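The sequence lines fix the lettering, A, B, ..., with proteins before strands; numbering per chain opens at 1. From a predicted model like this one, the values you see are computed outputs, not experimental measurements.
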Amino acid sequence: HVAYTNLIDSLFKTGSAWEAFVFQNQMIVRGITFDLVLCTALMDGLFKSGQPREAEEMFHILSELNLIPNNIAYTVLIDGRCKLGDMKGGESLLKEMHKKLAKPTVVTYASIINGYARKGMLDEAVNVMKRMLEQNIAPNAYIYAILIRGFFKDGRSELASELYEEVRRSGLQLNNFILDALVNSSKRGGKMEAAEGLFKEMNSGGLLLDCINYTSLMDGLFKAGNESGALAIAEEMRQKGVKFD
RNA sequence: UAUCUAGACAAAGACUG
């Protein structure tokens, strides 16, 4: 039932894995059949609540239920493995997808790219993006954000900047994470003018700046002694009614 | 008979500690 799926999914998402388990058992008692969407939600919740063993088990149970994993089910499993640093495990599932009817999507690749990026294996991450392109899957701003942030964090800001130029040229709508990464890098280099420039550019470029974008810039301006500049940003925030988090 | 329609997936983003 969809109601159960929604309930269990949101219980996991609010950190109540234990309650989710209770309802899962209730479904069994009432003889409600598990469908693929529910099983996928369970796998995802189990991974995110630190129960990878059980999540993997759920994947195996799929065949017992005569359910065929689709791209989302695979992606959840891949993401779970990659977040635990098991890149070989993630890659082997990706190969498996190609043999089956489950076509990888940009989300699937994002999980793998992020896995490598977390490990500081950025060249490998870029390689995965190339493989993705060969599959005719276009990268999105999300993918670029992962890579740009990764390269900055790794101290390779030249490559981060190159990727930034690449997204810009692509015409994709930039996102808040990309701006954040760029502004942080400028802040660290003591280049507040550059940070302000990027900020204004994206502000007028169709990106809806969020709370972190504003407060991050304000932080930099304050620390650079530019109080009036910081206050002007605060005023703009208020005028635009930016949501606080 | 056919098409559309619900629920599941990707980012250790700023400051502070």
Side-chain angles (χ1 to χ4, degrees), chain A residues 1-13 20 23-24 27 32 34-48 55 58-59 62 67 69-85 90 93-94 97 102-120 125 128-129 132 137 139-153 160 174-188 192 195 199 207 209-223 230 233-234 237 242 244-245:
Chain A
H1 228 126
V2 176
Y4 268 107
T5 305
N6 278 324
L7 180 61
I8 290 176
D9 183 52
S10 53
L11 283 173
F12 269 122
K13 289 189 164 89
F23 283 104
Q24 185 188 340
M27 288 183 76
I32 299 172
F34 284 36
D35 69 2
L36 183 59
V37 174
L38 172 65
C39 291
T40 306
L42 286 168
M43 280 178 26
D44 187 51
L46 288 167
F47 266 122
K48 288 175 177 156
M58 182 59 62
F59 189 75
L62 292 181
L67 296 173
N70 62 9
N71 57 63
I72 299 184
Y74 271 106
T75 301
V76 167
L77 196 61
I78 287 173
D79 185 59
R81 289 184 181 183
C82 290
K83 285 215 168 85
L84 293 172
L93 284 171
L94 180 60
M97 288 179 81
K103 281 204 194 315
T105 66
V106 66
V107 177
T108 314
Y109 280 96
S111 291
I112 294 186
I113 289 171
N114 187 44
Y116 282 119
R118 278 184 182 226
K119 296 192 137 194
V128 175
M129 182 168 81
M132 181 178 77
I137 299 174
N140 57 19
Y142 207 110
I143 298 271
Y144 278 105
I146 294 170
L147 291 172
I148 290 172
R149 188 144 62 92
F151 275 116
F152 273 131
K153 196 163 76 179
L174 302 176
N175 67 28
N176 303 98
F177 283 75
I178 293 175
L179 174 59
D180 184 61
L182 294 165
V183 167
N184 282 334
S185 163
S186 297
K187 275 163 69 175
R188 282 193 294 267
M192 283 313 297
F199 188 90
L207 176 64
L209 304 183
D210 65 17
C211 183
I212 291 188
N213 293 141
Y214 277 104
T215 55
S216 174
L217 183 67
M218 282 173 56
D219 169 66
L221 291 171
F222 265 123
K223 287 179 177 164
I233 298 294
M237 228 179 140
V242 178
F244 287 63
D245 58 8

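- The C1' atoms of B:A12 and B:G17 are separated by 16 Å, rounded to the nearest whole Å.
- No contact: A:Ala181 has no heavy atom under 4.0 Å from any strand.
- A:Lys153 comes within 4.0 angstrom of nothing in the nucleic acid, heavy atoms only.
- Protein atom CZ of A:Arg149 is 14 Å distant from nucleotide atom P of B:A10, rounded to whole Å.
- The shortest side-chain heavy-atom distance between A:Ile143 and A:Val106 falls under the 4.5 Å cut-off.
- Following rounding to the nearest Å, A:Asn114 (CG) and B:C9 (P) show an atom-to-atom distance of 16 Å.
- Applying the side-chain hydrogen bond (donor to acceptor under 3.5 Å, both in side chains) rule to A:Lys83 yields the partners A:Asp79; only residues at least two apart in sequence or on another chain are considered.
- Residues from residues 104-113 of chain A with heavy atoms under 4.0 angstrom of RNA chain B, sorted by number: A:Val107, A:Ala110, A:Ser111.
- Listed by chain and residue number, nothing satisfies the side-chain hydrogen bond (donor to acceptor under 3.5 Å, both in side chains) test with A:Arg149 (two or more places apart in sequence, or in another chain).
- Phosphate proximity of B:C9 to A:Lys13: present, with a side-chain N or O under 4.0 Å from OP1 or OP2.
- Atom pair A:Met129:CE and B:A10:P shows a separation of 21 Å (rounding to whole Å applied).
- For the pair A:Leu182 CG and B:A11 C1', the computed distance is 15 Å after rounding to whole Å.
- Atom OG1 of A:Thr5 and atom CG of A:Leu36 lie 10.5 Å apart (nearest 0.5 Å).
- At the phosphate of B:A10, neither OP1 nor OP2 sits under 4.0 Å from any side-chain N or O atom of A:Tyr142.
- Only A:Asn70, A:Ile72, A:Thr75, A:Val76, A:Asp79, listed by number, bring a heavy atom of residues 70-80 of chain A to less than 4.0 angstrom from any atom of RNA chain B.
- When rounded to the nearest whole Å, the span between CG of A:Leu221 and P of B:C15 equals 14 Å.
- In this structure, A:Leu42 atom CG and B:C9 atom C1' are separated by 14 Å, rounded to whole Å.
- When side chains are defined from C-beta on, A:Ile146 does not count as touching A:Phe177, because their heavy atoms never get closer than 4.5 Å.
- With hydrogens and angles disregarded, no donor-acceptor distance shorter than 3.5 Å links the side chain of A:Ser216 to the backbone of A:Asn213.
- Between the CZ atom of A:Arg118 and the C1' atom of B:A10 there is a distance of 11 Å, given to the nearest Å.
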Could you list all N or O pairs between the protein and nucleotides 3-7 of chain B that sit under 3.5 Å apart?
residue : atom : partner : partner atom : Å
B:G7    : O2'  : A:Asn6  : OD1          : 2.7
B:G7    : N1   : A:Asp35 : OD2          : 2.8
B:G7    : N2   : A:Thr5  : OG1          : 3.0
B:G7    : N2   : A:Asp35 : OD1          : 3.2
B:G7    : N2   : A:Asp35 : OD2          : 2.8

CA sep, side-chain torsions, deciding dist, call: A:Phe59, A:Leu62, side chain to side chain contact (heavy atoms under 4.5 Å, CB included): CA-CA 5 Å; A:Phe59 189 75; A:Leu62 292 181; 3.8 Å; yes
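- Contact annotation: the side chain of A:Lys48 never approaches that of A:Phe12 to less than 4.5 Å [non-hydrogen atoms, C-beta and beyond].
- Remark: the separation of the P atoms in B:A8 and B:U3 is 23 Å, to the nearest Å.
- Looking at heavy-atom distances under 4.0 Å, A:Ile146 makes contact with sugar-phosphate atoms alone, never a base.
- Pairs of residues two or more places apart, or lying in two chains, that qualify as salt bridge (Lys or Arg N to Asp or Glu O under 4.0 Å) and include a residue from residues 1-13 of chain A are A:Asp9-A:Lys13.
- Taking each heavy atom of A:Leu67 and A:Cys39 in turn, the nearest pair found is CD1-SG, 4.0 Å.
- Contact annotation: A:Lys48 does not reach the phosphate of B:A12 (side-chain N/O to OP1 or OP2, under 4.0 Å).
- Judged by distance alone, the side chain of A:Ser185 and the main-chain N or O of A:Ala181 form no donor-acceptor pair under 3.5 Å.
- Contact check for A:Arg81 versus A:Ser111: no side-chain heavy atoms found under the 4.5 Å cut-off.
- A:Phe47 has its CZ atom 12 Å from the P atom of B:A10, to the nearest Å.
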